[in-house]
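Right, one structure below, let's go through it.
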2 protein chains.
Amino acid sequence: MNADASTKRPGGRSARVRAAVHGAAVALVGERGADQVTLPAVAERAGVNSSTLYRRWGTLAALLADVARHRGDASAPPLVGDLRADLENQAVWTLAELSRPGGIAFFRAEVAPDVDERHDGLRECLHGVSERFRPVLDTARERGDAPPPPSLERVLDRIVAPLYFRVVFSIPGTDEAYVRALVAGLIGEAPLER
Amino acid sequence: MNADASTKRPGGRSARVRAAVHGAAVALVGERGADQVTLPAVAERAGVNSSTLYRRWGTLAALLADVARHRGDASAPPLVGDLRADLENQAVWTLAELSRPGGIAFFRAEVAPDVDERHDGLRECLHGVSERFRPVLDTARERGDAPPPPSLERVLDRIVAPLYFRVVFSIPGTDEAYVRALVAGLIGEAPLER
DNA sequence: GCGCTAAAGCGGTGATCTCTGCTTTAGTGC
DNA sequence: GCACTAAAGCAGAGATCACCGCTTTAGCGC
């Protein structure tokens, strides 16, 4: 569970192993699905001894959760200062992240861990999503936008939830245009009725 | 894979075994979580030999998908002929079904099966949800309701998706009142702003 | 360079799972 | 009732996984 890159010895080897393992995990989950992946399999693909994985991560769920956490760090789009644009950007990025090979698999992994840790994984995942949208709404409110921005809860219901739902069920037509329609439906001047 | 109750010999014993296995699966998933359940464990709880499970279902995912399919058959609420009431009833029932112990676990099981069958499981699950709401909209349309009912896609986005999302992330306050607010937000005369 | 030590590698062990050939039980049609 | 056979039970083999003591490697501070 402690898998901070910055714990004790972040130098060469640990970091290399970490990177190799993360890469192998992403690859395997992408091509087999999270259910068909085991720690030994990841270890072999990464060219690393499996005992290392058991020591550093303990369980597959913990490893996948770790991967998910550090996935797409520092790639989130910046705020531009316009509510509609920012909502669209964050939503499009969220959609893209979910749609990446194994995207939902990692989402599921974070949701899935053993019953004890399940709640933590869930909270963390939801927190991550929320924190991507909260600044958007906060700055809009501080800016004093004409119609005050919707609540975070509403954004989750009207934008994030449909995205997750549609990606999980791979409903066709879930693209950028659809995201824009969702945003438009939420903050008014809905152009196209879907 | 083929697990129709009505294949070759639906008589006494097969049906009993089937029921025992389904019950054991529900119990175990409910108390341990789907990840901690194995076919031998289900077999033992059901008082059935594990080879039977391997022969009839093959994999845990297939078993759970089978259970999910036959879960809550014939318990869905009837149509009363009023769009709002019917939407609310179906949505409340869906929420209740998802919230049952292991509810999301079974949802996930249907979503999860090995990559080959994943698409089938997904399609079937989505189809099941859709078919609960489609009649509601169809009858409303045939009835010639004043504002025509929303599209099925819209119902999925605005009602079903938030429910799934909130149950998966166990967001508090996801109850009957919330469902009514969702419906109200969709078909107009939204009473309470959330 | 040189020790120090965190972390990775190696090998092995017990437990569990998955699957299969054969036997036995018990519905179903006559 | 009685034969027929689908389906369940039994037992065991092979594979894999989870885990752990010990050894070896290689960053890091001096």
Side-chain angles (χ1 to χ4, degrees), chain A residues 1-25 28-29 32-66 70 109 112-117, chain B residues 1-25 28-29 32-66 70 109 112-117:
Chain A
M1 267 301 119
N2 82 324
D4 302 328
S6 52
T7 29
K8 281 294 176 55
R9 197 169 275 196
R13 186 150 78 151
S14 294
R16 275 199 305 277
V17 167
R18 178 189 197 74
V21 169
H22 277 215
L28 284 178
V29 168
R32 295 189 201 172
D35 305 325
Q36 301 300 316
V37 175
T38 62
L39 284 187
V42 175
E44 190 189 358
R45 169 72 70 103
V48 163
N49 197 280
S50 64
S51 63
T52 298
L53 301 200
Y54 284 108
R55 282 191 219 285
R56 280 187 67 163
W57 288 280
T59 68
L60 178 70
L63 169 60
L64 294 187
D66 183 40
H70 296 281
D114 349 351
V115 221
D116 319 332
E117 312 163 19
Chain B
M1 320 300 113
N2 77 322
D4 301 329
S6 52
T7 29
K8 281 294 177 53
R9 196 172 275 195
R13 185 149 80 149
S14 295
R16 275 199 305 278
V17 167
R18 178 189 197 74
V21 169
H22 277 214
L28 284 179
V29 168
R32 293 190 201 173
D35 305 325
Q36 301 300 316
V37 175
T38 61
L39 284 186
V42 175
E44 191 189 357
R45 170 72 69 103
V48 163
N49 197 281
S50 64
S51 63
T52 297
L53 301 199
Y54 284 106
R55 282 191 221 284
R56 280 187 68 164
W57 288 280
T59 69
L60 179 69
L63 169 60
L64 295 187
D66 184 40
H70 297 280
D114 348 353
V115 221
D116 318 333
E117 313 163 18

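Basis for what follows: all heavy atoms, side chains included, without hydrogens, waters or symmetry-related copies. Chain letters run A, B, ... following the sequence lines, proteins first, then strands; residues in each count from 1.
The side chain of A:Leu39 lies closest to D:dA18 when the candidates are D:dA18, D:dG27, C:dT18. The side chain of B:Arg55 has C:dG21 as its nearest neighbour among C:dG21, C:dG9, C:dC17. Comparing D:dC17, C:dA8, C:dT25 by their nearest atom to the side chain of B:Arg13 picks out C:dT25.
Contact between the side-chain N/O atoms of A:Tyr54 and the OP1/OP2 oxygens of D:dC19 is not found at any separation under 4.0 Å. In this model, the phosphate group of C:dA7 is not approached by any side-chain N or O of A:Ser14 to a distance below 4.0 Å at OP1 or OP2. Distances shown here put every side-chain N or O of B:Arg56 at or beyond 4.0 Å from the OP1 or OP2 atom of D:dA7. One finds a side-chain N or O of A:Thr52 lying less than 4.0 angstrom from the OP1 or OP2 phosphate oxygen of C:dG9.
Rounded to an integer number of Å, the gap from A:Arg18 CZ to C:dA6 C1' is 15 Å. Rounded to whole Å, atom P of C:dC19 lies 12 Å from atom CG of B:Leu60.
In this structure, the side chains of B:Val21 and B:Val42 come closer than 4.5 Å at one or more pairs of heavy atoms.
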After noting the C-alpha distance and the side-chain angles of A:Leu39 and A:Trp57, does the key distance pass the side-chain contact (heavy atoms from CB on, under 4.5 Å) rule?
-> CA-CA 9 Å; A:Leu39 284 187; A:Trp57 288 280; 5.7 Å; no

Carefully, step by step, assess B:Asp66 and B:His22 under the rule side-chain contact (heavy atoms from CB on, under 4.5 Å).
-> CA-CA 9 Å; B:Asp66 184 40; B:His22 277 214; 3.0 Å; yes

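For D:dC19, its base never sits under 3.5 Å from the side chain of A:Ser51 at any donor and acceptor pair.
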